[in-house]
There are 2 protein chains.
Amino acid sequence: MTEMHDVTETAANDRDVTDLVLEDILTGVLPAGTWLKQIDLEKRYDCTRPEVRRALDRLSQKRLVEHVPNRGYHVYQPDGRRAQEVSDIRVILETAVADRMVERATPESIARLRQLASHFDRMTMVGTVLEHYEANLAFHRELLLLSGNNELVDLVSEIRQRTSSAPVSQWRTRARVERSAREHHMMVDALEARDVADLKRLIEAHIRQTGDAAPAESAARQA
Amino acid sequence: MTEMHDVTETAANDRDVTDLVLEDILTGVLPAGTWLKQIDLEKRYDCTRPEVRRALDRLSQKRLVEHVPNRGYHVYQPDGRRAQEVSDIRVILETAVADRMVERATPESIARLRQLASHFDRMTMVGTVLEHYEANLAFHRELLLLSGNNELVDLVSEIRQRTSSAPVSQWRTRARVERSAREHHMMVDALEARDVADLKRLIEAHIRQTGDAAPAESAARQA
DNA sequence: GTTACCAAAATTGGCGCCAATTTAGGATAC
DNA sequence: GTATCCTAAATTGGCGCCAATTTTGGTAAC
């Protein structure tokens with residue numbers, strides 16, 4: 001069994017144990033393969049066994065953890081194929097609504113997105129892994145809200161958690177982080193310019209983490 | 001509180017209580033708005049309280065039922081906006097992979113789909129609501145498997161359960177049922193003819209339940 | 001050093017129980 | 001007839017407990 005280390009902080013009462021465990025999985029505190037002992041989680045999150053069980057059941061329903069009868073639950077190993085498939089789905093969904101996002105963008109929403117992109121920049125510099133991750137989510141959620149389809153916004157949020165969009169695996173290098181930050185701003189640029197094709201291209205490159213999407217003049221703009 | 005009627009059959013041991021409750025919701029036995037009393041479900045499905053609670057928690061996570069603290073759980077009311085949004089998502093996803101489906105279709109898979117379309121025809125005539133529903137799911141799952149993206153197949157299965165794709169609301173008229181049956185065969189025709197555009201058009205019309213998608217000669221083919 | 005066995009310790013799984021909360025029905029006042 | 005109040009009944013929520021199962025560590029045999 002992979003060992004788990006106790007933490008000293010008490011459970012935050014406004015957040016469910018499910019959220020706390022999920023956070024620790026996504027930030028790498030509970031790495032892939034870790035066996036999650038119920039009695040240890042009770043202590044770690046300062047909660048009762050039934051709460052732990054509910055959290056674990058929920059996470060297993062989301063396929064973040066696997067339940068092995070009579071042995072317990074462990075964090076799923078990364079699966080490259082699943083990750084690829086989830087990225088493909090995200091590309092399909094997010095590019096399909098690019099025209100709607102452009103059509104519905106207002107100066108206020110553009111300003112808001114610019115602000116969130118800058119916030120991500122700052123978290124890149126001074127934030128924790130979690131703050132960084134959450135800044136990224138905030139940006140993308142605000143962008144997707146422009147689609148006008150709430151179910152799609154929620155769905156993308158859900159599926160992102162399933163695989164390699166988790167922070168421990170998403171940004172492997174400093175260069176990748178910086179590129180992501182630039183891409184955020186470029187997406188806002190494309191939105192402002194009402195350039196649907198550019199926005200689609202950026203979204204796809206961003207999700208797949210491929211290519212160099214940066215025209216030189218757009219990069220200069222951030223300086 | 002909306003009253004629930006007891007059933008006389010015992011729980012099928014190979015299926016989880018979650019599945020049983022879900023089936024009763026989807027087939028209209030437990031209509032929208034019904035309060036699901038834990039002690040009644042225990043009797044209905046011949047199981048223990050913890051099993052009922054787990055099932056209800058899972059269904060509430062899927063937003064099929066709503067949990068009201070200290071009052072219990074009730075089946076969600078239909079929400080037209082959500083239904084529309086889910087249909088939009090399905091159209092995006094399923095049409096996006098139409099080219100992949102055409103590209104990957106083999107004579108064997110086409111024969112299999114033809115068989116499943118015929119099975120749906122038969123269930124339309126002689127099957128129960130549930131058998132009919134499951135025949136539809138089987139057809140669509142087999143079709144989507146041609147995309148090669150398992151996550152997408154699973155995801156579409158999941159989101160279909162959320163709203164008006166449930167059998168109680170999907171087929172309101174005999175004519176609608178018959179059109180769905182015809183559309184299945186036409187999708188297989190398009191696949192066989194490797195006509196991506198036609199397949200996309202059929203898939204969209206099918207999901208939205210709009211229009212008359214039938215060219216006269218295709219309809220004659222089924223006679 | 002490796003393998004097999006066994007007992008103790010650790011952990012999971014699930015049930016029963018009861019406190020807390022809500023609902024339902026009857027009585028009373030207007 | 002309607003509104004309010006009160007109490008008993010019904011139901012939910014959550015905890016403690018223990019049987020069942022697995023893991024761990026020590027010992028013996030090869």
Side-chain angles (χ1 to χ4, degrees), chain A residues 1-7 10-22 24-25 30-77, chain B residues 1-7 10-22 24-25 30-77:
Chain A
M1 290 281 203
T2 308
E3 289 300 325
M4 257 172 56
H5 301 288
D6 284 341
V7 293
T10 54
N13 289 327
D14 55 343
R15 290 172 82 196
D16 186 47
V17 180
T18 310
D19 295 329
L20 296 175
V21 179
L22 178 59
D24 283 345
I25 290 170
L30 299 174
T34 307
W35 286 91
L36 307 175
K37 296 186 184 182
Q38 296 177 23
I39 59 169
D40 288 345
L41 295 194
E42 282 181 68
K43 282 182 271 181
R44 182 185 177 82
Y45 301 113
D46 189 27
C47 63
T48 61
R49 183 89 71 81
E51 286 175 289
V52 166
R53 286 184 182 159
R54 189 181 60 184
L56 290 173
D57 186 67
R58 287 177 175 182
L59 293 169
S60 78
Q61 289 292 295
K62 292 170 184 256
R63 289 188 277 157
L64 282 155
V65 302
E66 179 175 24
H67 177 227
V68 182
N70 291 318
R71 294 193 60 196
Y73 296 78
H74 67 88
V75 183
Y76 263 115
Q77 297 288 349
Chain B
M1 290 279 203
T2 307
E3 291 297 330
M4 253 174 56
H5 301 287
D6 284 341
V7 292
T10 54
N13 289 330
D14 56 341
R15 292 173 79 198
D16 187 44
V17 180
T18 311
D19 295 328
L20 295 176
V21 179
L22 178 60
D24 283 345
I25 290 171
L30 299 174
T34 306
W35 285 90
L36 307 175
K37 297 185 183 182
Q38 296 179 22
I39 58 168
D40 288 347
L41 295 193
E42 283 180 68
K43 283 181 272 181
R44 181 184 179 82
Y45 300 112
D46 188 26
C47 63
T48 61
R49 184 90 71 79
E51 286 176 288
V52 167
R53 287 187 182 156
R54 189 181 62 186
L56 290 174
D57 185 68
R58 287 176 176 185
L59 292 169
S60 78
Q61 290 290 298
K62 292 171 184 260
R63 289 187 278 156
L64 282 155
V65 302
E66 180 175 22
H67 176 226
V68 182
N70 291 317
R71 292 193 62 196
Y73 296 76
H74 68 88
V75 183
Y76 263 113
Q77 296 287 349

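Letters A, B, ... mirror the listed sequences (proteins, then strands); counts begin at 1. Computed over heavy atoms, backbone and side chain alike; hydrogens, waters and symmetry mates excluded.
Look at CD1 on B/I39: it is 14 Å from C1' on C/dT21, rounded to the nearest Å. One atom, CZ of B/R71, and another, C1' of C/dA20, lie 16 Å apart when rounded to the nearest Å. Following rounding to the nearest Å, B/E42 (CD) and D/dG13 (C1') show an atom-to-atom distance of 13 Å. Note: CG (A/D57) to P (C/dG13) measures 11 Å, nearest angstrom. Spacing between atom CZ of B/R54 and atom P of C/dC15 amounts to 11 Å, rounded to whole angstrom units. Put simply, CH2 on B/W35 is 8 Å from P on C/dT23, counting in whole angstrom units. Atom NZ in B/K43 sits about 11 Å away from atom C1' in D/dT11, given to the nearest Å. In this entry the distance linking CZ of A/R49 with C1' of C/dG13 reads 9 Å, nearest Å.
For the pair B/I25/B/V65, a side-chain contact is recorded, criterion being any heavy-atom separation below 4.5 Å from C-beta on.
Between the side chain of B/R53 and the base of D/dG13, a donor-acceptor pair under 3.5 Å is found.
Side-chain N/O atoms of A/T48 include none lying less than 4.0 angstrom from OP1 or OP2 on D/dG14. In terms of phosphate contacts, A/H67 brings a side-chain nitrogen or oxygen within less than 4.0 Å of OP1 or OP2 of C/dG13. Of the side-chain N and O atoms in B/Q38, none sit less than 4.0 angstrom from OP1 or OP2 of D/dA10.
With B/V75 as the fixed residue, the side-chain contact (heavy atoms from CB on, under 4.5 Å) test singles out one of B/T34, B/D24, B/V21: B/T34. Checking A/V17, A/D46, A/L56, A/L41 one by one against A/E51, the side-chain contact (heavy atoms from CB on, under 4.5 Å) holds for a single residue, A/V17.
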> Yes or no on side chain to side chain contact (heavy atoms under 4.5 Å, CB included) for B/R44 and B/L20, after CA distance, side-chain angles and deciding distance?
Replying inline: CA-CA 10 Å; B/R44 181 184 179 82; B/L20 295 176; over 6 Å; no
> Yes or no on side chain to side chain contact (heavy atoms under 4.5 Å, CB included) for A/D16 and A/R54, after CA distance, side-chain angles and deciding distance?
Replying inline: CA-CA 10 Å; A/D16 186 47; A/R54 189 181 60 184; 3.3 Å; yes
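Out of D/dG13, C/dG13, C/dT12, the shortest distance to the side chain of A/Y73 is found at C/dG13.
Comparing A/P69 and A/P50 by the nucleotide of DNA chain D whose heavy atom lies nearest to each, the residue mapping closer to the 5' end is A/P50.
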